[in-house]
> 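Take a look at this one; I'll ask things after.
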Amino acid sequence: MSEKSPKGSYFLGKRLNKFFSGLESAYRFVLKFFKEVWFPPYEFREFIRQCYQIGYNSLPLISLTGFIVGIVFTNQSRPSLTEFGAASWLPALISIAVVRAMGPLVTALIAAGKVGSSIGAEIGSMKVTEQIDAMEVSATNPFKFLVVSRVLASTLMIPVLVMYTDFVALMGSFLSVNKNELVSLSTFFVQVFDALTFLDIISSLLKSLVFGFTIGIVGCYKGYNSTKGTEGVGKAANAAVVMAMFLIFIEELLSLQITNYFRQM
Amino acid sequence: MRDKVVEIRNLTKSFGELDVLMGVDLDLYNGENLAVLGKSGSGKSVLIKIMVGLLSQDEGSCRVLGKEVVDLNAKQLNALRLKIGFSFQASALYDSMTVKENLEFPLVRNVKGVTAPEKKRLVEEVLDGVGLLKTLNQMPSELSGGQRKRIGIARTLILKPEIMLYDEPTAGLDPITCVEINNLINQVNQEYRTSSIIITHDLTCAKTTGDRVAILLDGKFSAQGKFEDVFSLPDERIKSFYDYNFINI
């Protein structure tokens with residue numbers, strides 16, 4: 001035991017060193033983003049292209065997922081509410097669940113998988129094939145062109161996708177409620193908006209902005225720092241998804257605490 | 001004596017414990033083609049990356065067009081980079097853009113007030129110069145290795161550089177395409193009046209394109225001069241660099 005201990009502490013020290021140097025490198029990357037984002041040249045065309053890629057190209061997947069979430073959550077909640085004679089509260093329950101938590105969370109997790117991995121893989125492959133170096137030697141700031149445009153597009157488009165997911169999930173829920181409780185569309189949406197507060201909507205949008213920023217910056221960071229070779233590109237894409245999902249759950253927990261604080265004020 | 005466009009003195013570069021360049025001295029004269037020969041991993045690419053500020057040296061001096069690269073700020077470095085064309089080993093064409101967009105990329109970012117017809121004319125001119133005008137709207141993934149190399153060279157020529165740096169221009173190409181690329185390097189040197197450094201381990205390429213060759217061995221230039229002079233030196237390391245007798249130029 002005593003013989004193994006120095007070796008163990010050596011590896012522990014090495015891992016801690018790797019962890020903290022990774023943390024420092026990520027911190028510098030985020031800091032660089034906030035330094036670069038304010039100053040020209042602004043890569044407007046690339047930003048629009050990324051908004052299209054992240055926003056429009058995610059619509060089919062988001063539509064399907066949001067719709068299914070709405071139907072499934074309604075059908076799963078109905079028996080419990082019916083048991084207490086509170087089936088008429090379904091629209092209110094669904095609206096609160098979807099707008100406060102499920103809409104942002106489901107959208108962010110899907111975007112982390114689809115958008116985060118795509119950004120990580122694209123920038124990673126550009127790194128290993130020297131395309132980023134080629135941009136640099138042609139006097140273009142690759143950080144601005146690749147990172148700033150993608151992070152801004154992701155930060156802007158995720159809240160838009162969240163609003164869309166909320167709507168689609170509520171429509172899915174309406175179909176179920178309409179079929180089983182014979183509630184009309186107008187009555188359904190009156191109940192939905194009655195249950196929601198301004199704080200619910202604002203907190204949902206603000207945390208979606210944070211989720212969007214996280215997905216973009218993590219994807220870019222992992223891609224930009226991918227090691228040489230195709231294996232590195234795969235690892236960058238995978239790490240972008242895993243790290244973004246991990247951070248999204250932590251941010252969801254923090255946002256819940258902050259929102260509850262304001263709700264109790 | 002012609003002017004020096006690149007002047008390197010006592011340049012050293014290490015990666016961790018690995019010493020790659022150990023006191024390199026090199027001059028490139030105006031209008032000359034210099035072929036730098038060396039084994040894989042000998043630091044040839046590192047040398048030209050230091051010249052464009054992609055890497056920085058540990059010690060020594062690297063002056064390009066009279067400017068010490070390491071002392072330049074971002075704006076000055078970009079101004080210098082516009083005078084240098086860099087042809088990457090794997091061409092480094094932007095995968096998400098067409099050939100036309102690849103060629104326009106450095107132009108629209110660095111030349112202010114260029115009109116659409118002027119842009120079209122410049123793109124077609126350089127593309128025609130490398131004999132690939134018909135690939136204008138193709139994606140890089142649709143091109144062969146040789147075509148990608150040519151487009152990569154065309155992309156650097158659009159800004160009319162004073163110095164061309166070629167990183168392994170013939171690596172991974174068939175012998176016929178290698179000859180075409182070698183001819184293109186000479187053609188660029190004559191038409192655009194560039195001074196060039198050709199990094200290679202291909203002796204045919206070095207002999208065909210280089211006015212002078214320099215051999216990088218063990219982190220230093222062990223010989224510089226005319227191809228025939230260098231390979232007639234009684235240095236076993238140079239003789240064993242490749243089995244010279246098998247080369248039939």
Side-chain angles (χ1 to χ4, degrees), chain A residues 14 17-18 21 32 35-36 39-54 57 115 118-150 153 220 223-224 226-230 232-233 237, chain B residues 15 45-46 48-55 64 69 72 74-97 101-112 140-141 148 151-159 161 163-168 171:
Chain A
K14 213 173 166 185
N17 187 25
K18 198 178 166 189
S21 58
K32 192 174 179 187
K35 274 184 186 167
E36 298 272 2
F39 303 106
Y42 304 111
E43 300 289 353
F44 193 70
R45 277 185 66 180
E46 182 63 10
F47 168 72
I48 296 292
R49 199 176 75 88
Q50 289 306 321
C51 284
Y52 177 83
Q53 296 265 10
I54 295 169
N57 287 349
V115 177
S118 149
I119 291 176
E122 187 187 11
I123 296 183
S125 74
M126 288 185 81
K127 175 89 187 290
V128 301
T129 55
E130 296 181 309
Q131 290 175 52
I132 292 179
D133 285 347
M135 268 183 199
E136 212 163 333
V137 296
S138 64
T140 298
N141 182 343
F143 193 91
K144 200 156 254 184
F145 185 81
L146 297 172
V147 177
V148 173
S149 60
R150 279 161 178 75
C220 289
Y224 222 80
S226 63
T227 48
K228 294 268 177 190
T230 46
V233 177
Chain B
F15 294 98
S45 300
V46 170
I48 55 170
K49 283 183 178 175
I50 289 173
M51 288 182 205
V52 289
L54 283 175
L55 294 171
V64 178
V69 178
L72 300 177
K75 202 174 172 185
Q76 292 167 328
L77 184 60
N78 279 343
L80 178 68
R81 281 169 171 170
L82 294 179
K83 295 174 185 170
I84 305 172
F86 198 117
S87 168
F88 285 86
Q89 188 171 350
S91 308
L93 298 181
Y94 310 127
D95 290 332
S96 58
M97 301 180 197
E101 288 164 340
N102 261 281
L103 296 177
E104 285 175 351
F105 190 85
L107 195 66
V108 294
R109 274 172 173 72
N110 298 302
V111 184
K112 287 207 169 90
S141 56
R148 290 169 68 96
I151 303 288
I153 293 170
R155 189 176 61 186
T156 67
L157 292 176
I158 204 154
L159 292 175
I163 299 173
M164 280 295 295
L165 304 174
Y166 299 93
D167 192 1
E168 302 281 7

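Just so you know, these numbers come straight off a predicted model, no measurement behind them. Throughout, protein chains are lettered first and strands after them, A, B, ... in sequence-line order, and every chain is numbered starting at 1. These values consider heavy atoms only, across backbone and side chains, with no hydrogens, waters or symmetry-generated copies.
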> Could you pull out every donor-acceptor pair under 3.5 Å between chain A and chain B?
unit_1, atom_1, unit_2, atom_2, d
A:Glu43, OE1, B:Arg109, NH2, 2.7
A:Glu130, OE2, B:Lys49, NZ, 2.9
A:Gln131, OE1, B:Asp95, N, 3.2
A:Gln131, NE2, B:Asp95, OD2, 2.9
A:Met135, N, B:Tyr94, OH, 3.3
A:Glu136, O, B:Arg81, NH1, 3.3
A:Ser138, O, B:Asn110, ND2, 2.9

> Could you look at B:Leu80 and say if it's the side chain, the backbone, both or neither that has a heavy atom under 4.5 Å from chain A?
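When you check distances to chain A, no heavy atom of B:Leu80 falls under 4.5 Å.
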
> Please walk me through it: do B:Ile84 and A:Val137 pass side chain to side chain contact (heavy atoms under 4.5 Å, CB included)?
CA-CA 8 Å; B:Ile84 305 172; A:Val137 296; over 6 Å; no

